[in-house]
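The next block holds one structure in the form of structure tokens; read it before the comments.
Labels below follow one simple rule: chain letters A, B, ... track the order of the sequence lines, proteins then strands, and each chain is numbered from 1.
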Amino acid sequence: MAVCERYGKETEEKWQRWWEENRTYDYDENDASRPVYSIDTPPAFTSGALHMGHALSYSYFDFVARYKRMRGFNVYYPQGWDCQGFPTEVKVEQKYGRLPRDEFRKRCVEWTVEYIGKMRTQMKSLGFSADWRYEYRTMDPEYHKLVQLSLLQMHKTGQIYHSKHPVYWCPNCGSALAKTDTEDAERDTELHYVNFTLSGKPVLVATTRPELMHACVAVLYNPADARYSRLGAKTITTALGKEVPFLPDADADMEFGSGVVMVCTFGDKQDVVWMYKHKLPIIESMDGHGRITNSGSAGIDGLKVAEARKKLLEKFRADGKLVKTEKLHQSYKVHDRCKKPIEYQLSMQWFAKVTEKSEEIIANAKKIKWVPDFGIQYLIDWARYVEWDWVISRQRVFGTPLPFWLDKATGAAYPAEEAELPFDPDKTPKKAGKNGEELVAETSTCDCWVDSSITPLAIAKWGEDEKFFSRTYPSSLRPQGVEIVRTWAFYTIYRCCELTGIPPFREILLNGSVLAPDGKKMSKSLGNIIEPDKLIADYSADAVRQWAALSGAMAKDRPFSYQDMQYSKSFLTKMLNAAKLVEKSCAGFEGKAPDRKHLRVTDRWILSRLQKVKKEVEADFEGFQFHHATKTVQDFFWHEFCDYYLEYTKHRLYMPETYGQESRRAAQWVLRTVLLECAQILAPVTAHMSEEIWQSFHPGNSVHRSAWPSADDALLDEDAEKKCAFLNEVASLARQSKAERKLPLNAEIASADISCGFAITDIEEEMHATARVKVINFAEGEKSIKFAL
RNA sequence: GGGCCUAUAGUCGAAUGGUAAGACGUCUGCUUGACGUGCAGAAGACUCGGGGUUCGAUUCCUCGUGGGCCCACCA
């Protein structure tokens with residue numbers, strides 16, 4: 001079998017088909033002889049297309065999977081899909097308009113299935129070696145069941161509870177939002193100074209939200225602020241005449257406004273924090289559509305925020321309580337879809353008790369090896385800063401239903417029975433309770449992180465297959481983006497430890513993200529998006545994979561570089577051409593290792609260097625240093641093997657009658673060995689090209705199933721390296737002399753005066769044959785090389 | 001405001017306690033018994049600024065400045 005004439009997409013597709021047909025990447029459930037290496041791959045969000053971030057990070061753990069396979073591990077590498085989320089709902093609604101719940105969900109599923117198809121094709125075209133028999137989707141009933149089971153178990157232990165809590169709310173869309181559905185915006189607004197009454201005297205309170213004053217439940221001052229602390233007052237009367245507590249709080253900013261702040265439920269997030277901290281009552285100041293409620297004597301019920309503010313300010317002005325108004329520049333949160341301001345809305349939600357678990361989560365995170373190690377700091381910072389429990393419910397349709405029943409009369413919540421799983425409120429909307437109560441199914445769905453925080457359990461068949469579980473849990477590796485340490489890693493460690501008592505993975509590998517070539521984020525609005533498909537078509541998948549390896553500054557963001565991509569492609573061409581030469585030179589060679597005495601010093605040199613390269617690359621792969629591993633092989637292959645060694649063998653290959661058959665066979669064996677071992681150690685990265693080369697010598701056997709070629713110390717040869725370093729220098733100077741005189745490289749050099757500290761008898765042949773020096777005058781002594789052309 | 005990361009030729013970047021790879025680009029040659037998607041050669045860096053440790057720092061520490069990511073705040 002011969003290597004292909006030209007390398008491209010067709011070659012890669014040929015091998016992708018071959019791997020699939022030959023089940024090259026199957027995990028063997030029944031093989032207990034090999035250690036298992038399980039990878040908790042990120043389930044890709046089903047957005048419809050892979051982006052460069054996917055290409056980078058998914059290449060990363062494909063390198064690991066392939067390396068571990070060659071190291072003899074039984075690699076378990078499933079790929080999942082994170083299906084549910086607001087973006088999908090938005091797109092489906094745009095396409096079909098408003099639909100009944102049931103119908104809507106069906107459309108979401110259809111849409112998602114279609115997009116998974118596209119993305120799976122893209123993954124395959126990048127040569128990812130996932131075992132697709134274990135593909136999973138978070139929208140599948142089986143996955144729902146598992147998530148629900150995990151929630152019931154955590155409900156049993158008291159980790160999950162049902163409670164009223166303020167959440168981000170979009171009055172425009174009438175929906176609760178996740179924090180990630182929000183973005184920051186800026187605006188100019190007005191800061192109003194309104195007089196409250198403290199111990200019979202007026203006290204100015206500055207506020208941007210006077211319309212919420214009826215929901216004022218306390219006024220705070222800084223305990224270090226002598227203006228207020230010395231008064232000893234316990235209550236204060238608002239401009240609406242209501243008496244509320246007057247409390248010290250170090251977070252009250254003495255510098256801002258008049259140094260006192262009114263706490264309303266809810267003007268902003270700080271209000272929520274203070275509400276919990278001081279155990280303040282809650283006044284529901286607004287309904288789900290942003291209309292004021294419970295305003296009492298203020299008389300602004302039913303008004304929208306802007307109208308209410310206007311009306312109330314007029315009233316304060318008339319009462320002489322509005323003292324002054326200043327301009328204020330502020331940032332605020334908007335819903336990322338509709339760009340309208342967000343409010344806080346009190347509602348019944350489901351929670352997980354993360355706040356009390358911070359230290360435990362940190363302790364468990366420390367049992368995991370973080371690569372790079374500073375990554376854990378993101379988690380620690382986050383865990384120590386968690387202010388309230390994790391709201392795990394969302395008022396959405398396309399999501400995992402929460403497995404609970406609600407008493408229609410009292411609102412009390414009851415867990416579903418295990419037999420009722422997968423729990424689906426559309427199929428079983430109500431039932432009678434034990435005491436005849438009318439129970440209705442909870443229709444809220446789970447936050448997407450509830451789904452994804454059990455991936456290590458889901459892929460390990462937790463609660464389903466004990467044997468499978470014991471082999472694949474905890475995952476050997478969790479690869480993920482550094483930007484989701486606070487969510488995916490944090491929630492996974494929390495939930496999996498709660499459920500099993502064992503940290504979910506042994507190592508966590510963090511990658512950064514890909515920036516546009518200009519160093520900015522890739523975004524549609526900037527028009528600087530680069531499509532992986534285009535790169536695969538223009539440069540090949542292996543070029544993209546090499547680019548990913550070379551971009552591998554761990555957990556750091558890097559701009560995309562067409563130069564790297566071009567270099568990667570050139571390197572592939574180089575590999576192919578070198579393979580062609582070796583193949584041609586080895587025609588008829590039976591592949592037997594020569595007797596060591598037939599090896600020339602150049603042979604021993606390149607073999608010695610090969611061992612060192614293998615050692616380095618192996619260490620690099622163990623430490624996930626893909627950049628260094630790739631660079632090391634590329635440099636060795638191109639600039640030592642091709643530029644020097646290949647040239648040193650040509651005369652032996654083409655003129656065996658002059659230089660001897662044994663010398664020729666030795667050269668053939670070395671060429672073949674170096675080529676194939678380079679193909680092997682680069683196989684995790686250049687998966688297709690390595691296979692092309694490997695199978696041209698070993699038809700029917702995948703390089704990805706071959707044993708990793710570890711270094712053989714017996715082949716290390718310092719003497720050969722020293723001599724060849726000198727030989728290379730002579731060769732280089734010879735080329736330089738020819739270049740200076742504008743002579744072709746095959747021009748002859750009449751004579752050379754050479755001296756160095758050792759005999760050159762065993763490298764003279766190459767000086768004659770490769771550097772084309774006719775006469776060599778050698779004298780042992782100080783290093784010196786002079787040519788006479 | 002907080003945490004973390006980072007600063008090396010025109011560009012991207014590697015490495016090192018003893019003044020620095022490689023790639024791309026530029027310039028000059030070479031037509032080839034694998035490759036012009038190539039080969040050979042050349043030019044191009046006081047390794048962000050200040051201070052410290054050291055015989056010696058680009059490398060370690062510290063301050064500053066710039067850049068990035070994340071988080072918090074914004075009454």
On a whole-Å scale, what distance lies between the [atom1] atoms belonging to [N] and [M]?
N      : M      : atom1 : value
B:rC39 : B:rA23 : P     : 10 Å
B:rU16 : B:rG36 : P     : 37 Å
B:rA9  : B:rG22 : P     : 16 Å
B:rG1  : B:rG18 : P     : 38 Å
B:rG29 : B:rA20 : C1'   : 28 Å
B:rG2  : B:rA14 : P     : 29 Å
B:rU11 : B:rU47 : P     : 16 Å
B:rA42 : B:rU54 : C1'   : 38 Å

Mind calculating the distance between [atom1] ([X]) and [atom2] ([N]) to the nearest angstrom?
X        : N      : atom1 : atom2 : result
A:Gln480 : B:rC69 : CD    : P     : 18 Å
A:Leu743 : B:rU32 : CG    : P     : 13 Å
A:Phe637 : B:rA34 : CZ    : P     : 14 Å
A:Glu647 : B:rG33 : CD    : C1'   : 11 Å
A:Asn577 : B:rC35 : CG    : P     : 7 Å
A:Leu733 : B:rA40 : CG    : P     : 14 Å
A:Lys580 : B:rG33 : NZ    : P     : 16 Å
A:Asp188 : B:rC74 : CG    : C1'   : 13 Å

Is [N] paired to anything, Watson-Crick or G-U wobble with both distances less than 3.5 Å, and if yes, which nucleotide?
N      : result
B:rC35 : none
B:rC73 : none
B:rC4  : B:rG68
B:rA42 : B:rU26

Using OP1 and OP2 only, check whether a side-chain N or O of [X] sits under 4.0 Å from [N].
X        : N      : result
A:Ser732 : B:rG41 : yes
A:Lys584 : B:rA34 : yes
A:Tyr562 : B:rG25 : no
A:Ser570 : B:rG38 : yes

Select from A:His628 and A:Leu745 the residue whose nearest nucleotide in RNA chain B is closer to the 5' end of that strand.
->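 Of the two residues, A:His628 wins.
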Specify the residue among A:Thr573 and A:Gln563 whose closest nucleotide of RNA chain B lies further upstream toward the 5′ end.
-> A:Gln563
Using a 4.0 Å heavy-atom cut-off across all strands, classify [X] as base, sugar-phosphate, or nothing.
X        : answer
A:Trp638 : sugar-phosphate
A:Leu191 : sugar-phosphate
A:Cys264 : nothing
A:Asp271 : nothing
A:Gln270 : sugar-phosphate

When you get a sec, tell me which of [options] is the closest nucleotide to the side chain of [X]?
X        : options                : result
A:Lys269 : B:rA72, B:rA34, B:rA75 : B:rA72
A:Lys574 : B:rC74, B:rA23, B:rA34 : B:rA34
A:Asp643 : B:rA40, B:rA34, B:rA75 : B:rA40
A:Ala739 : B:rC30, B:rC71, B:rA40 : B:rA40
A:Pro744 : B:rA75, B:rC30, B:rA34 : B:rC30

For the rings on A:Phe621 and A:Phe63, is their centre-to-centre separation under 6.0 Å?
->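 Ring-ring flag for A:Phe621/A:Phe63: false, centres at least 6.0 Å apart.
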Ring centres of A:Tyr567 and A:Trp638 under 6.0 Å apart?
->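 Between A:Tyr567 and A:Trp638, the centre distance is under 6.0 Å.
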Listed partners of [X] passing ring pair (Phe, Tyr, Trp, His ring centres under 6.0 Å), at least two apart:
X        : result
A:Tyr193 : none
A:Tyr494 : none
A:Phe787 : none

Excluding sequence neighbours, so at least two apart, what forms salt bridge (Lys or Arg N to Asp or Glu O under 4.0 Å) with A:Arg672?
-> none
Polar pairs (N or O, both sides) under 3.5 Å between protein and nucleotides 20-22 of chain B?
| residue | atom | partner | partner atom | Å |
| --- | --- | --- | --- | --- |
| B:rG22 | O2' | A:Lys631 | NZ | 3.4 |

Please write out each protein N/O paired with an N/O of nucleotides 1-3 of chain B under 3.5 Å, distance rounded to 0.1 Å.
| residue | atom | partner | partner atom | Å |
| --- | --- | --- | --- | --- |
| B:rG3 | O2' | A:Asp381 | OD2 | 2.3 |

Apply side chain to side chain contact (heavy atoms under 4.5 Å, CB included) to A:Pro656 and list each qualifying residue two or more places apart in sequence or on a separate chain.
->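 For A:Pro656 the side chain to side chain contact (heavy atoms under 4.5 Å, CB included) partners, ignoring immediate neighbours, are A:Gln661, A:Arg664.
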State which residues pass side chain to side chain contact (heavy atoms under 4.5 Å, CB included) with A:Ala298; sequence neighbours excluded, sorted by chain then number.
-> A:Leu240, A:Ser295, A:Ile300, A:Leu312
Side-chain donor/acceptor pairs under 3.5 Å, residues 739-747 of chain A, sequence neighbours excluded:
| residue | atom | partner | partner atom | Å |
| --- | --- | --- | --- | --- |
| A:Arg741 | NH1 | A:Ser737 | O | 3.2 |

Residue pair [X] / [Y], side-chain donor-acceptor N/O under 3.5 Å:
X        : Y        : result
A:Glu12  : A:Tyr7   : yes
A:His192 : A:Thr207 : no
A:His639 : A:Asp635 : no
A:Asp542 : A:Thr686 : no

